[in-house]
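All values derive from a computational prediction rather than experimental measurement. Numbered from 1 within each chain, the chains take letters A, B, ... in sequence-line order.
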Amino acid sequence: MTGSFGKTYKLTGSKTIELVYRQGAVIKEYPFISRVSEITNDKAPIQVVISVSKRNFKKAVTRNLIKRRIREAIRLNKTDLVQGLEHSNKQLAIFVIYTAKEVHDFELIEHRIKRLLAKIISHEI
RNA sequence: AAGGCAAAUCGGUCUAUCGCUGCUUCAUCUGUAUGGAUGGGGGAGAGGAAAGUCCGGGCAGCAUAGAGCGCCGUACUUCCUAACGGGAAGGUACCUUUAUCGGUAACAGAAAGUGCCACAGAAAGGAAAACUACCUUAGCUGAUUUCGGUCACUGGGGAAAAGGUGAAAAGGUGAGGUAAGAGCUCACCGAGCUGGCGGCGACGUCAGCUGCAUGGUAAACCUUACGGGCUGAAAGACCAUGUAAACCCGGGAUUGAGGAUUGCUCGUCCGAUCCGGGAGGGUAGGUCGAUUGACGCUAAUGGUGACAUUAGUGCUAGAUAAAUGAUAGACAUUUGGAUCUUGGUCCGAAUACAGAACCCGGCUUAUAGAUUUGCCUUUUGU
């Protein structure tokens, strides 16, 4: 299993995003709220959207910083989830929303992302 | 050497591990094929403001983008530029300064017209007016008298000087003059006009003439000159998908009902594929546009300068729910503390503003810190 997290892992298309946002199962782990739903996709086991509200962070620089930290945390810790999904031949679309009002450092974000992914595993598999 | 002001330039570096987005190349697999997938190698990957979206241009579209009116913008001069509301060099006024330097300017027109000028004041635009005060004159008026007059009151006339109001009372100051006064006359200053000279020009300067009522406001309407067709990369083109110029009901016109074009008019164009209502659906995925350009760097030449020309050289992001990151360490700069040998060591903190979204030229705003140049001040040395 490589640490790769390329373009195929990115969720695109307004219809699927709308679907996940409307109907996905809600899984919370502060400072994140995520919505997860099963999709069919032969390119990657998971596809992820990361969202940071413009209302909470006015500057594009800070939004980019948070999104990059979250993406890095998911990239480093997604192995268990991906293997589980490959076992049961499922694919997931995950919509991650950052809800905190302040910028957290990478250590905390990684710790919480680990717990979030564990919750997704127990919910979906 | 330190501090201040102005201008210009730069705005962290390196290593390791794991990653992201294009480009290129090799191998393997697959496909009729442009290709696709996997793995490896090489090389590239945010800014001076990428920001605000305030101007200008390129580019693209409009079943014509034309004319007039309207509307909007600009407003000292000359030049630069693809263009500009930007820039350069100057002019004028004001501020600052011993003087320079420097700063600010919605810097066209108020004798084309209209409006407004609160409060105060007699009067705020009409060659106006008389509250106090000035001069003069008249009276079967009054008081007083040294019988000449003087004062008061009332009426007529002169004057626009003094006081008072105001941001502003209609050239200013001084002298002459006068019944009192007045550019009535004179000197100086100011203003206007005419001419000469200098300058491409804004304008400057010199001389002469005119005794010179005619304010402010155009960030009020307005006038003059110049400019502007509208939309905006979610533009637009192609491919794929789709019965889509499709269906039903009502109205309306046969040579003009209606529609498009810019707010209106004309003109032009389209024109049964018209107008109103209703029912039921579909797409929103990819490629191009899109990064070689009014491009960057260096040198020479021309120009006070903005800039231009010529020669050489370089290719320097191209994402699209949106790449350029994470972790660890070292260095650099600034700074706080401790220590002693006073410039070393140790420990700690800080390193800004901020993220390309079609591309350029500007403007504006944010910005830790560093460097260079010029000017000024202080101190030290010679």
- request: Determine the interatomic distance between P on B/rC193 and the same-named atom on B/rG229; round to the nearest Å.
  value: 40 Å
query: Taking the side chain as C-beta and beyond, is there a heavy-atom pair between A/I70 and A/Y98 under 4.5 Å?
result: yes
statement: Rounded to whole Å, NZ of A/K114 lies from P of B/rA326 at a distance of 18 Å
query: Would you call B/rA63 syn or anti, using the 90° rule around 0?
result: syn
query: If the P atom of B/rG121 is compared with that of B/rG164, how far apart are they to the nearest Å?
result: 15 Å
query: Is B/rG48 in the syn range, within 90° of 0, or in the anti range?
result: syn
Contacts of A/L65 that satisfy side chain to side chain contact (heavy atoms under 4.5 Å, CB included) - sequence neighbours left out: A/R69, A/V103
field: Anti versus syn assignment for B/rG22, with syn defined as within 90° of 0
entry: syn
query: On a whole-Å scale, what distance lies between the C1' atoms belonging to B/rA27 and B/rA50?
result: 41 Å
- prompt: On RNA chain B, nearest-nucleotide positions of A/N64 versus A/K67: which is more 5'?
  reply: A/K67
Pairwise P distance for B/rU210 and B/rU185, with rounding to whole Å: 11 Å
- request: Mind telling me if B/rA46 is syn or anti? Syn here is a glycosidic angle within 90° of 0.
  value: syn
- line: Scanning all shown strands, the Watson-Crick or wobble mate of B/rA235 with both distances under 3.5 Å is none
message: Can you tell me whether the base of B/rU316 sits syn or anti, using the 90° cut around 0 to define syn?
response: syn
- prompt: Sub-3.5 Å donor-acceptor pair from the side chain of A/S34 to the main-chain atoms of A/I27, do we have one?
  reply: yes
query: Which whole number of Å gives the distance between the P atom of B/rU28 and that of B/rU292?
result: 34 Å
message: I want to check something: taking the side chain as every heavy atom from C-beta on, are A/F57 and A/I66 in contact at a cut-off of under 4.5 Å?
response: yes
message: Pairing check on B/rA89: which nucleotide meets the Watson-Crick or G-U wobble criteria with it, both distances under 3.5 Å?
response: B/rU77
query: On a whole-Å scale, what distance lies between the P atoms belonging to B/rU324 and B/rG47?
result: 15 Å
message: For a quick test of reading the model: is some side-chain N or O of A/R63 closer than 4.0 Å to OP1 or OP2 of B/rA354?
response: no
- prompt: Which whole-number value in Å describes the distance from A/F106 CZ to B/rC18 P?
  reply: 16 Å
- request: May I ask you to evaluate whether A/R69 reaches the phosphate of B/rG325, defined as a side-chain N or O under 4.0 Å from OP1 or OP2?
  value: no
message: What I want to check is whether an N or O donor and acceptor connect the side chain of A/R75 with the base of B/rC18 at under 3.5 Å.
response: yes
message: Between A/K101 and A/N56 (side chain of the first, backbone of the second, donor and acceptor by atom type, cut-off under 3.5 Å), is there such a pair?
response: no
